[in-house]
K.L.:
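My questions will all concern the structure given below.
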Amino acid sequence: MATNGSDVKHQNGNDTFRHQEVGHKSLLQSDALYQYILETSVYPKEPACMKELREITAKHPWNLMTTSADEGQFLNMLIKLINAKNTMEIGVFTGYSLLATALALPEDGKILAMDINKENYEIGLPVIEKAGVAHKIEFKEGPALPVLDQMVQDEKNHGTYDFIFVDADKDNYLNYHKRLIELVKVGGLIGYDNTLWNGSVVAPSDAPLRKYVKFYRDFVLELNKALAVDPRIEICQLPVGDGITLCRRIS
Ligand code: SAM
Ligand code: CA
């Protein structure tokens, strides 16, 4: 587990580039190593609009929920590598991962973005508009599950998504998976976020965990086990951010 990093010296000697403890999504062995990645490879390449959105989001009382800059960079490259065009995101918050996706898509690319909270999406929307990528996004306010149920009923939607990023209510991930496996293309990817859940997946059952960490832990453990034995997918769990499990549909 990472330390809180209060002892970390900065290459640039100031605190402008210092990541917050709350925004620290890394499970790397030291805070210094994570800071090194951010300062060396992430921040110098981060588009100005993503930096702006990250800084706006840092002031939000729920800033803990945002996707970290290194994971944003990863998602952006992944989407380009797989030439994704039709994508979905469940769990938008202020839109950092959404912007990373929108920037990576071609001009006619699409994102169906869902969140129960529109207010937070609207915080990031001016930045997304200024970046010239808002036309790629269709935002639906409300719980994602009923929308997915409706989509699955229409066979025309089956096998149409190249990439789906799931970053919402962890207790529903397996319910999402049942529907998303129908909607993603064979050869397409679903990314489930936070599958290492603050490192709590390996904590003893009586470990003193934050309330929300404790509450969702069993759901994350159950998801990880289920994905590992699902014959319809190949998986790769990466320790990026708080852990992301990529599932490639094979049948
Ligand atoms: N991907 C976002 C980012 O890059 O900032 C972070 C998403 S945040 C961790 C989780 C989001 O899921 C919250 O904005 C929350 O409102 C949303 N959410 C929670 N339950 C949901 C549901 N049933 N359907 C859709 N969104 C939901
Ligand atoms: Ca997340």
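Computed from heavy atoms alone, side chains included, the values below leave out hydrogens, waters and symmetry copies. Note that the structure is a prediction, hence the values are computed from the model and not measured. Whatever order the structure lists ligands and atoms in, that order sets their numbers, starting from 1.
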K.L.:
Show the numbers, then the answer: is there a ring-ring contact (aromatic ring centres under 6.0 Å, His included) between Trp197 and Tyr212?
P.N.:
CA-CA 10 Å; Trp197 200 231; Tyr212 78 95; 5.8 Å; yes
K.L.:
Can you check whether Lys170 has an N/O within less than 3.5 Å of an N/O in ligand 1?
P.N.:
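No: no nitrogen or oxygen of Lys170 is under 3.5 Å from one in ligand 1.
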K.L.:
Which atoms of ligand 1 are found less than 4.0 Å from any heavy atom of Gly142?
P.N.:
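This gives 24 (N), 25 (C) as the contact atoms.
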K.L.:
In terms of atom number and element, which parts of ligand 1 are under 4.0 angstrom from non-hydrogen atoms of Tyr176?
P.N.:
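Per the distance check, 22 (C), 23 (N), 24 (N).
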K.L.:
Look at atom 9 (C) of ligand 1 and say which protein heavy atom is nearest, naming residue and atom and giving the distance to 0.1 Å.
P.N.:
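Among all protein heavy atoms, the one nearest atom 9 (C) of ligand 1 is Met65 O, 3.2 Å.
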K.L.:
Check for a donor-acceptor pair, side chain of Tyr173 on one end and backbone N or O of Asn224 on the other, with a separation under 3.5 Å.
P.N.:
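No, because the side chain of Tyr173 does not come within donor-acceptor range (under 3.5 Å) of the backbone of Asn224.
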K.L.:
Ignoring angles and geometry beyond distance, decide whether Gly91 reaches within less than 3.5 Å of ligand 1 through its nitrogen or oxygen atoms.
P.N.:
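Yes; at least one N/O pair falls below 3.5 Å.
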K.L.:
Can an N, O or S atom be found in Asp167 less than 3.0 Å away from the Ca ion (ligand 2)?
P.N.:
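An N, O or S atom of Asp167 is closer than 3.0 Å to the Ca ion (ligand 2), so yes.
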K.L.:
Counting heavy atoms only, which part of Val92 comes closer than 4.0 Å to ligand 1: side chain, backbone, both or neither?
P.N.:
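Only the backbone of Val92 comes within reach of ligand 1.
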K.L.:
List the closest protein heavy-atom neighbour of atom 23 (N) of ligand 1: residue, atom name, distance to the nearest 0.1 Å.
P.N.:
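So the nearest neighbour among protein heavy atoms is Asp169 OD2, 3.1 Å.
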K.L.:
Give the residue and atom name of whichever protein heavy atom lies nearest to atom 24 (N) of ligand 1, and the separation in Å to one decimal.
P.N.:
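That would be Ala144 N, 3.1 Å.
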K.L.:
Tell me every residue that passes ring pair (Phe, Tyr, Trp, His ring centres under 6.0 Å) with Phe74, counting only those two or more places apart in sequence or in another chain.
P.N.:
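Once residues adjacent in sequence are excluded, Phe74 has no partner under the ring pair (Phe, Tyr, Trp, His ring centres under 6.0 Å) criterion.
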K.L.:
So, Thr87 and Thr101: side-chain donor and acceptor under 3.5 Å apart, yes or no?
P.N.:
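Side chains of Thr87 and Thr101: no pair found under 3.5 Å.
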K.L.:
Return the CZ to CD1 distance between Arg232 and Ile181, rounded to the nearest 0.5 Å.
P.N.:
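These two atoms lie 5.0 Å from each other.
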K.L.:
If the condition is ring pair (Phe, Tyr, Trp, His ring centres under 6.0 Å), which residues does Tyr121 pass it with, not counting sequence neighbours?
P.N.:
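Tyr121: ring pair (Phe, Tyr, Trp, His ring centres under 6.0 Å) contacts with Phe139.
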K.L.:
Between Asp70 and Ser68, is there a side-chain donor-acceptor contact under 3.5 Å, judged purely by atom types and distance?
P.N.:
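Distance-only check passes for Ser68 and Asp70.
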K.L.:
Assign the ring pair Phe163 / Phe165 to parallel, tilted or perpendicular, where the plane angle (0 to 90°) is split at 30° and 60°.
P.N.:
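Geometry flag for Phe165 against Phe163: parallel rings.
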K.L.:
Considering only the protein, which heavy-atom contact is closest to atom 10 (C) of ligand 1, and what is its distance?
P.N.:
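Of the protein heavy atoms, Asp167 O, 3.1 Å lies nearest.
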K.L.:
Using a strict cut-off of 4.0 Å, indicate which atoms of ligand 1 neighbour a heavy atom of Phe93.
P.N.:
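That gives atoms 2 (C), 5 (O), 6 (C), 7 (C), 14 (O) of ligand 1.
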K.L.:
Would you mind checking which non-hydrogen protein atom is closest to atom 19 (C) of ligand 1, with the distance to 0.1 Å?
P.N.:
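That would be Ile116 CD1, 3.7 Å.
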K.L.:
For atom 14 (O) of ligand 1, what's the nearest protein heavy-atom neighbour? Residue, atom name and distance, please.
P.N.:
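I find the closest protein heavy atom is Asp115 OD2, 2.7 Å.
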K.L.:
What heavy-atom pair brings Thr160 and Lys185 nearest, and what distance separates the two atoms?
P.N.:
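Taking Thr160 first and Lys185 second, the nearest heavy atoms are O-CE, 3.9 Å.
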K.L.:
Please say whether more than 12 non-hydrogen atoms of neighbouring residues, nucleotides or ligands are located less than 6.0 Å from NZ in Lys85.
P.N.:
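Not more than 12 within 6.0 Å, no.
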K.L.:
What protein heavy atom sits nearest atom 4 (O) of ligand 1, and how far off is it?
P.N.:
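Its nearest protein heavy-atom neighbour is Thr67 OG1, 2.6 Å.
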K.L.:
What do you get for the angle at the Ca ion (ligand 2) between OD1 on Asn194 and OD2 on Asp193, to the nearest 10 degrees?
P.N.:
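OD1 of Asn194 and OD2 of Asp193 make an angle of 80° at the Ca ion (ligand 2), to the nearest 10°.
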